[in-house]
Chemist: 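Before anything else, here's the structure in question.
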Amino acid sequence: MSTDFTIARAAEFEGRDVALYGWLYNLRESGKILFPLFRDGSGVMQAVVSKKDVSQEVWQRVSDLTQESSLIARGAVRREPRAPGGYELVLRDLEVLHRVPEDTPYPIARKEHGPDFLLSHRHLWIRSPRQSALLRLRHEVIRSIHEFFDQHGFILTDSPILTPAACEGTTTLFELDYFDLGKAYLTQSGQLYVEATAAALGKVYCFGPTFRAEKSKTRRHLTEFWMVEPEVAFATLDDLMKLGEDLVTYIVQKALQRRRPELETLERDTRKLEHIQPPFPRLSYDEAIKILHRKGSHTPWGEDLGGADETRLSEEYDRPVIVHRYPAQAKAFYMEPDPERPDLALCMDMLAPEGYGEIIGGSQRLADYNLLLQRLRENNLPEEAFRWYLDLRKFGSVPHGGFGLGVERTTAWIAGIPHIRETIPFPRMLYRIYP
RNA sequence: UCCCCGGUAGCUCAAUGGUAGAGCAUUCGGCUGUUAACCGAAGGGUUGCAGGUUCGAGUCCUGCCCGGGGAGCCA
């Protein structure tokens, strides 16, 4: 009897007797033959039970199964073209661990449901094949990120989640009381802290949840989302664009290599992912605005690009497009000005194809102490809270930079799904914090 | 915060201002290769909440609550 059987690896167990630890996904009956469908977390597998081949007790236990009852099914794995997945379990014995009572049946049917109902039952919805495929894909994205940075000599230095002040805007912070020390805030970005660790370790990144109290109500926003933020000492804007391009390529190609079955479950057109390879097109903001004006946009020079602009730009290309050197006035206080055009910031955004919008935002950071101090004052930021950040410009300041990549947006794009809320186990949104 | 759409059975949805219905789910019966199986039957309702118009309101009006999509902002 094998104990390490999983449905995903059923082919390796052909002809062997196995124990399947799982749940009932569905039960199809046809007279004296039963087709229970089991799921075990790795996939769904059909079993077959003939009345003449099993005891009366086993037959009864299977016919009495209710959806999502937990169980141990024992039998032989057989290749069977008529079974979904190509293999089925010839059931010999069934042990019921917990039977879902019929007066409180499992609420999620294998039929259509609305988003409100599904999100309110998110703790159960994640059991469905599509949702578990998305969570496996998310896992793969995260794993690839860590692999990539490890292979490129980066050190993981996580930033704090509780912070004393804003990283960027001050209006979009979740605030809480911190003992006798006054207010603390949930982090919006780990960037300022990885700037410090980059000066200590050279090439670093942080990976963790970030929080935005923005009242955004769109398919691209969550109030709590995960971001990976590399930061590199001595890096120029060109280095950052190259790093972002290599990272995104690595993530996409590994997803294709390792998560084909999941992408198939999601009915993703993988041809659109195959050609995600460097180099990605690069446009200056000036060039981007020209293209947009030619395509009918009315965004004036100097303003940040809107969602419709991003879609217009990305539909020009079959891979992500990098837009660099935005007007400084539209960007954050900590960005290094372009020495040739001080009205521009040495920054870059990467826009995913197919209208998925910005997946990366980054920049070279202000390295000069006096200019940084001036920018802090212009933005009415509390100087005291940024004392340590200013110190980084007092003790061996170097050109450096980094970017943030949004895990959920990246996963949604690779999965080809319309809303990012399905790419995180328990999404946090403007009007939803349960379950 | 603003704009648009919606709320009817556990779920997805019907119902000209005139007797609240179907499919799925649940229960019972039938069927030896089913593929969201199929066939037959049964149970299941304070039509989001409060008020108003009307002989009569799921339907029309007002307010509120809840959700969805989008804008702005962002990853």
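Labels below follow one simple rule: chain letters A, B, ... track the order of the sequence lines, proteins then strands, and each chain is numbered from 1. Note that the structure is a prediction, hence the values are computed from the model and not measured.
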Chemist: What integer number of Å spans the P atoms of G7(B) and U16(B)?
Modeler: 13 Å
Chemist: If you measure only the distance, is there a donor-acceptor pair under 3.5 Å linking the side chains of Glu229(A) and Ser189(A)?
Modeler: yes
Chemist: When we call it a touch if two heavy atoms are under 4.0 Å apart, what does Arg130(A) touch: a base, just sugar-phosphate, or nothing?
Modeler: nothing
Chemist: Could you tell me the separation between the CG atom of Leu186(A) and the CG atom of Leu173(A), rounded to the nearest 0.5 Å?
Modeler: 8.5 Å
Chemist: With sugar-phosphate meaning primed atoms plus P, OP1 and OP2, does Thr218(A) contact a base, only sugar-phosphate, or nothing at under 4.0 Å between heavy atoms?
Modeler: base
Chemist: At 4.0 Å (heavy atoms only), tell me whether His419(A) reaches a base, stays on the sugar-phosphate, or touches nothing.
Modeler: sugar-phosphate
Chemist: For nucleotides 24-31 of chain B, read 5' to 3', which letter fits each nucleotide if B means a protein heavy atom sits under 4.0 Å from the base, S means only the sugar-phosphate is that close, and - means neither?
Modeler: S-SS---B
Chemist: Rounded to whole angstrom, note down the P distance from C31(B) over to U12(B).
Modeler: 35 Å
Chemist: Quick check for you: among U32(B), G72(B), A75(B), whose closest atom lies nearest to any side-chain atom of Ile33(A)?
Modeler: U32(B)
Chemist: So if I take every side-chain heavy atom of Arg409(A) and compare against G33(B), C74(B), A71(B), which nucleotide ends up nearest?
Modeler: C74(B)
Chemist: Of Asn26(A) and Pro107(A), whose closest RNA chain B nucleotide lies nearer the 5' terminus?
Modeler: Pro107(A)
Chemist: Within the structure, does a side-chain N or O atom of Arg28(A) lie under 4.0 Å from either OP1 or OP2 of U32(B)?
Modeler: no
Chemist: Can you find a side-chain donor-acceptor pair between Ser216(A) and Thr218(A) that sits under 3.5 Å?
Modeler: no
Chemist: Going by atom types only, do Thr411(A) and Thr423(A) share a side-chain donor-acceptor pair under 3.5 Å?
Modeler: no
Chemist: Does any donor-acceptor pair link the side chain of His113(A) with the base of C11(B) at a separation under 3.5 Å?
Modeler: no
Chemist: Round to the nearest Å and state the distance from Glu88(A) atom CD to G33(B) atom P.
Modeler: 13 Å
Chemist: Any luck finding a side-chain donor-acceptor pair between Asp40(A) and Thr6(A) under 3.5 Å?
Modeler: no
Chemist: Rounding to an integer number of Å, can you tell me how far Leu173(A) CG sits from C73(B) P?
Modeler: 18 Å
Chemist: Heavy-atom count check: over 12 atoms from other residues, nucleotides or ligands less than 6.0 Å from Glu264(A) CD?
Modeler: no
Chemist: Among the candidates C73(B), G33(B), G69(B), find the nucleotide nearest to the side-chain atoms of Arg220(A).
Modeler: C73(B)
Chemist: Taking any heavy-atom pair under 4.0 Å as a contact, classify Glu358(A): base, sugar-phosphate, or nothing.
Modeler: sugar-phosphate
Chemist: Report the stems of RNA chain B as range-with-range entries sorted by first number; a stem here is at least three consecutive pairs, Watson-Crick or G-U wobble, both distances under 3.5 Å, and write none if there are none.
Modeler: B:1-7 with B:65-71, B:10-13 with B:21-24, B:26-30 with B:38-42, B:48-52 with B:60-64
Chemist: Between A71(B) and A57(B), how far is it from one P atom to the other, in whole Å?
Modeler: 42 Å
Chemist: Rounded to whole angstroms, how far apart are CG on Asp304(A) and C1' on A71(B)?
Modeler: 15 Å
Chemist: Taking the side chain of Arg82(A) as heavy atoms from C-beta outward, which of U34(B), G68(B), C11(B) is closest to it?
Modeler: U34(B)
Chemist: Suppose you measure atom P in G48(B) against the same atom in G10(B); what distance do you get, rounded to whole Å?
Modeler: 13 Å
Chemist: Select from Met429(A) and Glu310(A) the residue whose nearest nucleotide in RNA chain B is closer to the 5' end of that strand.
Modeler: Met429(A)
Chemist: Can you list, in residue-number order, the parts of residues 343-357 of chain A that come under 4.0 Å of RNA chain B, counting heavy atoms only?
Modeler: none
Chemist: Looking only at side chains, do Tyr334(A) and Gln191(A) share a donor and an acceptor under 3.5 Å apart?
Modeler: yes
Chemist: When you compare the side chains of Thr172(A) and Gln188(A), does any donor N or O come within less than 3.5 Å of an acceptor on the partner?
Modeler: yes
Chemist: Establish, yes or no, whether a centroid distance under 6.0 Å links the rings of His123(A) and Phe426(A).
Modeler: no
Chemist: Identify whether any heavy atom of Lys51(A) sits under 4.0 Å from a base atom; if not, whether one sits that close to sugar-phosphate; answer base, sugar-phosphate or nothing.
Modeler: nothing
Chemist: Which whole-number value in Å describes the distance from Asp116(A) CG to G10(B) P?
Modeler: 15 Å
Chemist: Find the distance between NZ (Lys254(A)) and CD1 (Ile251(A)) and round it off to the nearest 0.5 Å.
Modeler: 12.0 Å
Chemist: Can you tell me if Thr223(A) uses its side chain to pair, donor with acceptor, with the backbone of Arg428(A) under 3.5 Å?
Modeler: yes
Chemist: According to the 5.5 Å centroid and 30° plane-angle thresholds, does Phe225(A) stack upon the nucleobase of A75(B)?
Modeler: yes
Chemist: Please give the distance between the P atoms of C49(B) and C55(B) as a whole number of Å.
Modeler: 25 Å
Chemist: Any base atoms under 4.0 Å from Ile360(A), or only sugar-phosphate, or nothing? Heavy atoms, all strands.
Modeler: sugar-phosphate
Chemist: Take the protein atom CZ of Phe117(A) and the nucleotide atom P of C13(B), then report the distance between them rounded to whole Å.
Modeler: 12 Å
Chemist: Quote, to the nearest angstrom, the P distance that separates U1(B) from G43(B).
Modeler: 47 Å
Chemist: Consider only side-chain N and O atoms of Tyr25(A) and Glu68(A), and report whether a donor and an acceptor are under 3.5 Å apart.
Modeler: no
Chemist: What's the CD1-P distance between Ile420(A) and G68(B), to the nearest Å?
Modeler: 14 Å
Chemist: Any idea which of G33(B), U32(B), G68(B) is nearest the Lys52(A) side chain?
Modeler: U32(B)
Chemist: Does the plane of the ring in Phe333(A) sit parallel, tilted or perpendicular to the ring in Phe386(A)? Use 30° and 60° as the thresholds.
Modeler: perpendicular
Chemist: Please determine whether any donor N or O and acceptor N or O are separated by less than 3.5 Å between the side chain of Ser216(A) and the base of C74(B).
Modeler: no
Chemist: Roughly how many Å apart are C24(B) and C38(B), using the C1' atom of each and rounding to a whole number?
Modeler: 14 Å
Chemist: Does a side chain donor of either His400(A) or Gln364(A) reach within less than 3.5 Å of an acceptor in the other side chain?
Modeler: no
Chemist: To the nearest Å, how far apart are Arg78(A) CZ and U34(B) C1'?
Modeler: 13 Å
Chemist: Of all the choices, G33(B), U12(B), G67(B), which nucleotide is nearest to the side chain of Gln46(A) once you look at every atom?
Modeler: G33(B)
Chemist: Could you state the atom-to-atom distance from CZ of Arg79(A) to P of G33(B) in whole Å?
Modeler: 23 Å
Chemist: Give me the distance, rounded to whole Å, that separates U46(B) from U27(B) when you measure between the C1' atoms they each carry.
Modeler: 26 Å
Chemist: Verify the ring-centre separation between His146(A) and Phe207(A): is it less than 6.0 angstrom?
Modeler: yes
